[in-house]
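The model shown is predicted, which means the values in this text are computed figures rather than measured ones. By convention in this document, chain letters (A, B, ...) are assigned in the order of the sequence lines, proteins followed by strands, and residues within each chain are numbered from 1.
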Amino acid sequence: MPDKPALLLHDTLTRRPIPVTPADGKRLGFYGCGPTVYGPAHIGNFRTFIAQDVFRRVVELSGTPTLHVRNITDVDDKTIRDSVKAGQSLTDFTQHWTKLFHLDCAALNLLSPHVEPKATEHIPHQIKMIEDLIKRGHAYKAGDGSVYFRVASFADYGKLSHLEDRELRLGAAQGANDSDEYSKDALADFALWKAHKPEDGANAWDSPWGRGRPGWHLECSAMSLEYLGAEFDLHSGGIDLIFPHHENEIAQSCCATGGHFARHWMHIAHLMVDGGKMSKSLGNLYTLDDLKQRGFTPAEVRYVLVSGHYRGPLNFTLHSLDAARSALANLVKFEKVLRDKTGIMAPQSHDEFVRNGNAGIFEAAWLALLDDLNVPKALGCVFGVVNSTKVAGFSAADAKAALGSLHFILDAIGIVLPEIIAEKTVTVPDDIQQLAEQRWVAKQAKNWAAADELRKKLEAAGWVIKDTKDGFEVRPK
RNA sequence: GGCGAGGUAGCCAAGUGGUAAGGCAGGAGUCUGCAAAACUCCUAUGCGACGGUUCAAUUCCGUCCCUCGCCUCCA
């Protein structure tokens with residue numbers, strides 16, 4: 001592949017754009033922190049997963065295969081608490097929400113990770129890592145049977161989040177009585193293994209330190225090691241995970257393996273709603289189902305979530321979904337005009353266009369994607385091309401090339417055009433059809449008053465008439 | 001208090017040391033009996049405020065105001 005430009009991606013650690021390349025020169029291994037499955041994921045969660053999805057698509061379309069690992073967190077305080085509340089086993093409870101998560105992912109056109117490991121299925125891996133950390137002097141067992149990571153033992157701690165002298169701040173940040181933390185040597189130390197507590201119920205595993213369960217951060221370290229190795233190409237997640245989650249992962253992994261862990265860090269900014277933060281109490285925390293119930297499609301939701309740069313906050317509003325619908329409709333129209341020009345009547349397989357595709361007339365949009373995944377700029381470029389392209393002068397071959405390029409760029413962003421509305425068959429009730437025909441007759445007779453009267457009647461019934469060259473169409477309003 | 005992100009038209013949102021992409025919404029026109037569609041065109045002397053550097057700043061620097069995130073288990 002001659003001089004394919006690599007994706008330039010901002011790196012959280014060095015705070016500058018760095019070309020994304022696989023260390024082994026073949027396949028790019030990356031880990032994305034997945035959901036904690038204790039309820040429906042909200043659109044803020046999906047903003048992150050969609051950004052990771054676009055990342056993967058761009059890398060793959062630029063010619064580099066990926067190995068995508070995204071975990072399922074199926075054991076932590078909340079999953080335990082809520083499964084107990086629901087009277088279900090932890091497994092049943094988390095499987096339920098995992099299933100729903102997968103449905104949402106599919107609806108939003110997210111590529112499935114190649115590996116999707118669950119925390120509960122990697123307890124031995126996590127125990128092994130704790131043992132290594134104790135052996136190397138980075139962890140210690142506390143009086144209550146919990147095991148903690150000794151932050152002071154890792155000189156690079158804080159490098160990712162750029163937090164300095166954290167110890168000094170901890171007094172202020174720490175709640176007055178945190179009974180969970182009494183046995184730690186230092187406030188900054190964090191749990192690798194949490195000793196069993198009564199409220200954990202049956203959710204405990206045997207370990208060299210007694211029954212208990214792994215700490216949250218550990219699963220990602222253990223599972224990334226298992227599937228990607230001690231060092232891998234990129235790690236990503238929501239911006240809020242920088243500290244402490246990713247900082248702790250780095251500490252654990254580097255100290256346990258002696259490797260350097262992730263080479264590149266990508267973090268996605270938060271989604272805001274109506275100019276403010278999303279929160280349950282404000283009633284502005286939307287799930288995909290919420291929006292579907294309001295009549296919006298997952299494609300529209302994806303369009304909105306992708307329409308702001310991943311490193312900046314994005315303001316979500318219901319109105320933006322309306323805007324997305326119109327914008328998508330315009331893309332559909334453009335696509336149809338091109339398709340008509342090619343003479344291809346039936347919708348072709350999306351893959352067929354993409355497979356041999358290249359950015360072509362959408363080169364500028366593709367370059368925007370390669371420059372730190374600038375999707376909003378790319379979309380601007382796409383519409384610029386759509387507006388300025390005179391398809392009328394195209395040959396069938398031109399149209400086919402343009403069609404392939406359009407699908408290539410849309411595929412990179414993960415946009416799937418909705419079914420063309422005009423092609424949907426709608427059953428028109430007989431009485432409506434009759435009225436429409438009466439109007440047509442009146443129109444032919446140039447009886448405008450009667451024709452308009454009938455049009456009004458139809459509109460009142462919820463139907464709209466559109467005259468065409470040599471006939472008319474009746475459609476639901 | 002520390003670290004970070006951001007404040008660009010009615011709404012959403014790119015971008016640049018040389019005079020503001022794109023989407024939505026809105027407006028005008030052509031064409032249609034009307035309507036729809038289609039096509040054409042228009043819509044920020046302005047980029048939070050105030051200073052500074054510069055021939056030139058929305059873009060660089062400084063101060064300030066506001067919003068949002070993180071500061072031990074929130075994407």
Side-chain angles (χ1 to χ4, degrees), chain A residues 12 15 32-36 41-52 73 76-78 151 158 161-166 168-170 172-175 178 180-181 184 187-191 194 215-218 236-245 247-248 267-272 275-279 303-304 307-309 311-317 319-328 330-331 333 337 364-365 368 374-387 390 392 422 443 446-449 451-452 455-456 459 464-469 472-473 475:
Chain A
T12 310
R15 298 181 177 183
C33 286
T36 302
H42 55 70
I43 54 173
N45 296 314
F46 282 115
R47 181 190 191 192
T48 296
F49 299 136
I50 289 173
Q52 292 167 345
T73 298
D76 80 319
D77 290 350
K78 284 171 302 212
V151 167
S161 50
H162 303 95
L163 288 174
E164 307 291 332
D165 64 343
R166 296 188 42 261
L168 296 175
R169 305 281 164 206
L170 282 167
Q174 198 77 6
D178 195 337
D180 202 25
E181 314 289 347
K184 294 197 290 190
L187 281 169
D189 293 352
F190 56 90
K194 304 176 87 160
W216 173 45
H217 314 297
L218 191 61
S236 90
I239 195 169
D240 54 309
L241 294 184
I242 294 176
F243 188 88
H245 186 55
E247 202 71 75
N248 291 353
H267 288 98
I268 295 97
H270 275 179
L271 184 73
M272 321 214 338
K277 60 181 166 184
M278 221 176 10
S279 79
Y303 187 94
V304 170
S307 65
H309 189 100
R311 286 205 290 126
L314 172 66
N315 189 24
F316 178 89
T317 62
H319 177 255
S320 62
L321 285 167
D322 289 324
R325 172 167 299 181
S326 301
L328 284 168
N330 285 331
L331 291 177
K333 280 178 207 158
V337 169
N374 196 335
V375 178
K377 185 175 183 182
L379 287 172
C381 294
V382 166
F383 280 98
V385 171
V386 167
N387 293 333
K390 310 290 182 201
K443 184 191 163 171
K446 294 194 191 292
N447 187 348
W448 309 133
D452 288 350
R455 179 194 285 283
K456 271 185 196 164
E459 266 185 52
V464 178
I465 289 200
K466 291 184 181 180
D467 290 340
T468 57
K469 256 184 197 166
F472 64 91
E473 286 173 14
R475 280 196 212 151

Work out how far the [atom1] atom of [N] is from that of [M], and round it to whole angstrom.
N     : M     : atom1 : value
B:C11 : B:A49 : P     : 15 Å
B:G4  : B:C41 : P     : 46 Å
B:A75 : B:U59 : C1'   : 31 Å
B:G62 : B:C71 : C1'   : 27 Å
B:A25 : B:C12 : C1'   : 11 Å
B:G1  : B:A57 : C1'   : 33 Å
B:C3  : B:G26 : C1'   : 43 Å
B:U45 : B:U40 : P     : 26 Å

Counting only side-chain heavy atoms from C-beta out, which of [options] sits nearest to [X]?
X        : options             : answer
A:His162 : B:C3, B:A75, B:G15  : B:C3
A:Pro244 : B:U40, B:U72, B:A75 : B:U72
A:Met278 : B:A75, B:G15, B:G23 : B:A75
A:Met272 : B:A25, B:A14, B:C68 : B:C68
A:Lys390 : B:A75, B:C68, B:U40 : B:U40
A:Phe190 : B:U72, B:G23, B:A14 : B:U72
A:Leu241 : B:C24, B:U72, B:A75 : B:A75

Pairwise 5' ranking along RNA chain B for A:Gly215 and A:Gly275, keeping only the more 5' one: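 Final value for this comparison: A:Gly275.
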Nearest-nucleotide comparison on RNA chain B, the residue closer to the 5′ end among A:Ala323 and A:Arg15: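 The residue closer to the strand's 5' end, by nearest nucleotide, is A:Arg15.
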Checking the side chain of [X] only, and the main-chain atoms of [Y] only, is there a donor and an acceptor separated by less than 3.5 Å?
X        : Y        : answer
A:His309 : A:Gly312 : no
A:Glu247 : A:Ile242 : no
A:Lys184 : A:Asp189 : yes
A:Asn315 : A:Gly275 : yes
A:Arg47  : A:Ala269 : yes

Interatomic distance where [atom1] belongs to [X] and [atom2] belongs to [N] [whole Å]:
X        : N     : atom1 : atom2 : result
A:His217 : B:U72 : NE2   : C1'   : 6 Å
A:Lys377 : B:G15 : NZ    : P     : 6 Å
A:Arg325 : B:C11 : CZ    : P     : 22 Å
A:Ile239 : B:G6  : CD1   : C1'   : 11 Å
A:Asn374 : B:G23 : CG    : C1'   : 14 Å
A:Tyr303 : B:G22 : OH    : P     : 13 Å
A:Lys466 : B:A35 : NZ    : C1'   : 10 Å
A:His267 : B:G69 : NE2   : C1'   : 13 Å

Please work out if [X] contacts a base, only the sugar-phosphate, or nothing of the nucleic acid, heavy-atom cut-off 4.0 Å.
X        : value
A:Pro376 : base
A:Asp240 : base
A:Ser320 : nothing
A:His245 : nothing
A:Leu314 : sugar-phosphate
A:His42  : base
A:Gly238 : sugar-phosphate
A:Ile242 : nothing
A:Gly44  : base

Where protein sits on nucleotides 27-33 of chain B, one letter per nucleotide: B base, S sugar-phosphate only, - none, heavy atoms under 4.0 Å: ------B
Residues A:His267, A:Arg311; criterion side-chain hydrogen bond (donor to acceptor under 3.5 Å, both in side chains); working and verdict: CA-CA 7 Å; A:His267 288 98; A:Arg311 286 205 290 126; over 6 Å; no
Dot-bracket pairing map - RNA chain B, Watson-Crick plus G-U, both contacts under 3.5 Å, | cross-strand: (((((((..(((.....[...))).(((((.......))))).....(((((..]....))))))))))))....
Steps toward side-chain contact (heavy atoms from CB on, under 4.5 Å) verdict (A:Phe383, A:Asn330): CA-CA 9 Å; A:Phe383 280 98; A:Asn330 285 331; 4.3 Å; yes
If you compare every side-chain N and O of [X] against the phosphate oxygens of [N] (OP1, OP2), does one of them come in below 4.0 Å?
X        : N     : result
A:Lys333 : B:A38 : yes
A:Arg311 : B:G6  : no
A:Asn315 : B:C12 : yes
A:Lys277 : B:G69 : yes
A:Asn387 : B:G23 : yes

Salt bridge (Lys or Arg N to Asp or Glu O under 4.0 Å) involving A:Asp467 - partner list, sequence neighbours excluded: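 Scan of A:Asp467 (salt bridge (Lys or Arg N to Asp or Glu O under 4.0 Å), adjacent residues dropped) gives A:Arg439, A:Lys443.
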Sub-4.5 Å side-chain heavy-atom contact between A:Ser320 and A:Tyr303: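 Sidechains of A:Tyr303 and A:Ser320: no contact.
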Side chain proximity check, A:Pro313 to A:His270, heavy atoms < 4.5 angstrom: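 SC-SC contact between A:Pro313 and A:His270 ruled out.
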Distance-minimising heavy-atom pair for A:Gln52 and A:Cys33: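 It is NE2-N, 4.4 Å.
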Interatomic spacing from NZ in A:Lys78 to CH2 in A:Trp216 - rounded to 0.5 Å: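 Nearest 0.5 Å value for the NZ-CH2 distance: 7.5 Å.
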Parallel, tilted or perpendicular: rings of A:Phe190 and A:His217 (30°, 60°):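 If you compare the ring of A:His217 with that of A:Phe190, the planes turn out perpendicular.
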